[in-house]
Amino acid sequence: MGSFSLIHWAVLILVVILLFGRGRISDLMGDLAKGITSFKKGLADEDSTPAAKSPPAQLTDSKSAGSGAPSGTPSADDARR
């Protein structure tokens with residue numbers, strides 16, 4: 001009831017190769033590698049997407065912007081006249 005010996009592993013690998021065939025196992029390994037590559041690419045795209053977005057526009061004070069008061073609201077110069 002211990003771990004498998006070298007002979008057990010050899011028989012197990014031989015049975016797997018006989019059941020699946022050499023070509024099928026290499027195809028599975030190729031598909032696994034493509035899956036890992038696309039997963040890494042997806043993570044890289046996900047990380048770069050938020051950085052590419054521009055920050056939301058910030059509201060500025062009309063006095064500090066120097067553009068005057070918004071239309072419809074009298075400015076201090078209009079109130080003096």
Side-chain angles (χ1 to χ4, degrees):
M1 291 283 173
S3 63
F4 289 110
S5 68
L6 183 60
I7 294 175
H8 288 107
W9 285 112
V11 170
L12 182 68
I13 290 172
L14 181 66
V15 168
V16 168
I17 289 175
L18 289 175
L19 288 176
F20 293 108
R22 288 180 31 204
R24 196 165 189 191
I25 292 174
S26 65
D27 290 343
L28 289 173
M29 290 298 121
D31 291 341
L32 179 67
K34 288 177 186 177
I36 291 172
T37 304
S38 65
F39 178 73
K40 287 182 179 180
K41 186 184 290 186
L43 286 179
D45 290 345
E46 185 177 296
D47 289 341
S48 65
T49 303
K53 292 181 181 177
S54 62
Q58 296 179 356
L59 298 175
T60 58
D61 187 17
S62 62
K63 292 179 184 176
S64 64
S67 63
S71 63
T73 307
S75 64
D77 294 334
D78 291 338
R80 292 184 197 155
R81 294 183 194 169

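As a basis for the values below, the full set of heavy atoms in this structure was taken, side chains included, without hydrogen atoms, waters or symmetry mates. Here the structure is a predicted model, which is why all the values come from computation and not from measurement.
Under a hydrophobic-cluster definition in which Ile, Leu, Val, Met, Phe, Trp and Tyr are linked whenever side-chain heavy atoms come within less than 4.5 Å, directly or via other members, Leu6 and Val11 are assigned to different clusters.
Summarising the geometry of Ser38 relative to Gly35, their closest heavy-atom pair is OG-O, 3.0 Å, with the distance given to 0.1 Å.
Using a 4.5 Å cut-off between side-chain heavy atoms of Ile, Leu, Val, Met, Phe, Trp and Tyr, Leu43 falls into a hydrophobic cluster with Phe39. Membership of the apolar cluster around Leu18 extends to Leu14, as traced through chained side-chain contacts below 4.5 Å between ILVMFWY residues.
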Counting only pairs under 3.5 Å, give me each side-chain donor-acceptor contact of residues 27-34, with atom names and distances, residues two or more places apart or in other chains.
none

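Applying the side-chain hydrogen bond (donor to acceptor under 3.5 Å, both in side chains) test to every pair with at least one member in residues 5-21, sequence neighbours left out, gives these pairs: Ser5-His8.
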